[in-house]
Each structure stands twice: as C-alpha cells, then as structure tokens.
Amino acid sequence: MNGSEPLEIERRFLILRPDTAELNRRCTRVYSMEQTYLLSPPHQTERVRRREGQDGVAFFHTVKIDRTALTRLEQEEAITPEAYEAYLSRRDPMTQTIYKTRYCLPEGPYTFEIDLYPFWPHYAVMEIELPREDAPFRFPHGIRVIRELTGDHRFSNAALSRRIPAENELL
C-alpha cells in the first residue's frame, strides 16, 4: 500500500440503541443524513451523501475500495447541490436511500460515530476510525456493545441499502 493513499481504518459495532436525550447532551455534533449508492464496479462502493447539522447542509461524493476487513481506500470530496443531483442519475436501481441520524461522541483521543436508523428501534451502529488496525481504544461510558460488525458486509450501509435485516437477525 502506498503511504499517501487516503485510508479509512474503521471498526463497527452493533450497540443497544442509546437514549437520544443522553446522546444530545454528550455529543459534539449531530447530523441528519441521506446516503444514496451509485452503480459501481465489484469490491468498490460509490455513494453520495446529503448531511444536515448545526453547520448547515453539505453534500459529499465518496468512493471506497476494500483493502482488508478493516481498511479501505477512501476518496471523499465535498460537492455542490447541483453535482449531488447529477450523481443521483447514476443511482443503483437495486438500492434504496439510507436515512440515519449520526451522533458524534468524543471519547479520549477518538470520536465515535453512532448511527440511529429509523428501521431499528432497539439497536444502533457505532463506528470508530483508527490511525492503524491494531490501535487500542476504550468504548464510551454507558454504551452497551452487543457485538462487533467489522468485516461483516451484511451490515454495511451499502448492504443495508439493498436489504434491511429485521432486528432479530442482528444478534
């Protein structure tokens, strides 16, 4: 791997859905997001995202290419609303747009991202981006981790755009 590649080293966890009032109290940023997946080659995902939060509305185009179970090459750029609309013409017709609320929870040197989805009332997904695959970290106080989802592609946002498993399938 080239050391200058923009890498995303991420671990993901299924958690018990936290209380939103507690998340609002503890989190530094909260965003409403829409993610739409585009037609892309195998082992690559391409999406556009509309993000709305305290800092206004922003649009992004992202391409991710798998390197390992934990690491992906990630190219993300901010785009205009017009470019976002143009990208939507390349939407993968086998997918649905994913809607979620993202809570950014600082813990030590890291920020955990907790995604609450409207289709799962009891569970959520928590992610952490790390500087290297073996970097140590501690879970945020009060968050109940059910199991790790890292490497289980069935629960990636791209996979959820194709099929949303029932909550009883998560365990």
Side-chain angles (χ1 to χ4, degrees), residues 1 3 5-37 45 47-60 62 64 66-76 78 96-171:
M1 258 184 291
E5 288 182 323
L7 296 179
E8 173 190 63
I9 301 169
E10 179 179 86
R11 291 185 61 187
R12 302 179 81 230
F13 302 89
L14 179 68
I15 63 171
L16 197 60
R17 188 180 183 115
D19 176 66
T20 53
E22 179 72 7
L23 285 177
N24 281 319
R25 187 182 66 72
R26 293 175 62 191
C27 292
T28 55
R29 294 180 313 278
V30 179
Y31 297 106
S32 295
M33 297 181 164
E34 299 174 15
Q35 288 183 185
T36 303
Y37 288 84
T45 58
R47 71 163 191 244
V48 288
R49 172 185 282 167
R50 180 186 186 278
R51 184 185 79 188
E52 187 171 347
Q54 300 97 315
D55 51 357
V57 178
F59 300 88
F60 301 90
T62 307
K64 295 184 182 190
D66 292 342
R67 292 289 195 239
T68 71
L70 292 171
T71 303
R72 295 181 287 192
L73 173 66
E74 180 182 62
Q75 299 167 317
E76 183 170 78
Q96 61 183 315
T97 297
I98 294 293
Y99 298 91
K100 63 186 179 181
T101 303
R102 171 164 286 172
Y103 293 85
C104 300
L105 178 60
E107 180 71 29
Y110 301 114
T111 296
F112 287 81
E113 296 176 338
I114 299 173
D115 290 342
L116 274 53
Y117 299 95
F119 43 80
W120 291 336
H122 301 103
Y123 299 103
V125 173
M126 181 174 69
E127 305 174 349
I128 180 173
E129 287 195 27
L130 300 168
R132 60 184 201 280
E133 288 191 3
D134 63 348
F137 64 91
R138 215 177 33 224
F139 292 117
H141 172 74
I143 299 296
R144 183 160 163 226
V145 176
I146 307 298
R147 70 184 185 92
E148 187 160 5
L149 298 175
T150 306
D152 189 339
H153 294 289
R154 297 174 300 165
F155 303 107
S156 70
N157 283 296
L160 294 177
S161 75
R162 295 178 188 285
R163 179 185 174 273
I164 298 169
E167 281 194 317
N168 65 352
E169 294 178 57
L170 301 175
L171 305 177

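Starting from 1, each residue takes its place in the sequence as its number. Side chains are part of it too, since the values below use all heavy atoms of this structure and drop only hydrogens, waters and symmetry mates. Note that the structure is predicted; figures quoted are calculated from it, not measured.
- A pairwise comparison of heavy atoms in T111 and C104 identifies CG2-CB, 3.8 Å as the closest pair.
- In summary, R47 and E76 engage in a salt bridge, as defined by a charged side-chain N under 4.0 Å from a carboxylate O.
- Taking all atoms of both residues into account, the shortest heavy-atom contact from R26 to P140 is NH2-CB, 4.0 Å.
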Show me the donor-acceptor pairs, under 3.5 Å and distance only, between side chains in residues 130-139 and residues at least two apart or in other chains.
{"residue": "R132", "atom": "NE", "partner": "D134", "partner atom": "OD1", "Å": "2.7"}
{"residue": "E133", "atom": "OE2", "partner": "T68", "partner atom": "OG1", "Å": "2.7"}
{"residue": "E133", "atom": "OE2", "partner": "T71", "partner atom": "OG1", "Å": "2.6"}

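- Side-chain contact between T45 and T62 is absent, with no heavy atoms from C-beta onward closer than 4.5 Å.
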Check against side chain to side chain contact (heavy atoms under 4.5 Å, CB included), N157 and K100: CA-CA 10 Å; N157 283 296; K100 63 186 179 181; 3.2 Å; yes

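- For T101 (side chain) and S32 (main-chain N/O), no donor-acceptor pair under 3.5 Å exists by modelled atom type.
- Atoms CD and CG, on E129 and L7 in that order, are 10.5 Å from each other to the nearest 0.5 Å.
- In terms of heavy atoms, L160 sits closest to R154 at CD2-O, 4.2 Å.
- Listed here is the closest heavy atom pair of A158 and S161: O-OG, 2.6 Å.
- R147 contributes a side-chain N or O that, together with a main-chain N or O of L170, makes up a donor-acceptor pair within less than 3.5 Å.
- Two residues are said to be in side-chain contact when any heavy atoms from C-beta on lie closer than 4.5 Å; L73 and P6 meet this criterion.
- With sequence neighbours excluded, no residue forms a salt bridge (Lys or Arg N to Asp or Glu O under 4.0 Å) with R17.
- Atom-to-atom distance recorded for R11:CZ and M126:CE is 10.0 Å, nearest 0.5 angstrom.
- You'll find the side chain of L149 stays beyond 4.5 Å of the side chain of F13, heavy atoms only.
- Here CD of E113 is found 10.5 Å from CG of L105. Values are rounded to the nearest 0.5 Å.
- Salt bridge present: R102 and E127 bring a charged side-chain N and a carboxylate O closer than 4.0 Å.
- Residues R12 and F155 approach most closely at NH1-O, 2.8 Å, considering heavy atoms.
- Put simply, CE on M33 and CG on D115 are 7.0 Å apart, with the number rounded to the nearest 0.5 Å.
- Note that NZ of K64 and CD of E74 are 4.5 Å apart. Values are rounded to the nearest 0.5 Å.
- Q54 pairs by the side chain to side chain donor-acceptor pair (under 3.5 Å) definition with nothing, not counting sequence neighbours.
- In this structure L23 satisfies the side-chain contact (heavy atoms from CB on, under 4.5 Å) test together with P18, C27, Y103, I114, L116, sequence neighbours excluded.
- For the pair E167/P121, a side-chain contact is recorded, criterion being any heavy-atom separation below 4.5 Å from C-beta on.
- Looking at residues two or more places apart in sequence or on another chain, you find no salt bridge (Lys or Arg N to Asp or Glu O under 4.0 Å) involving E34.
- Looking at W120, its side chain does come within 3.5 Å of a backbone N or O of P165 through a donor-acceptor pair.
- Smallest separation of non-hydrogen atoms from I15 and I146: C-CG1, 3.9 Å.
- F119 pairs by the ring pair (Phe, Tyr, Trp, His ring centres under 6.0 Å) definition with Y117, not counting sequence neighbours.
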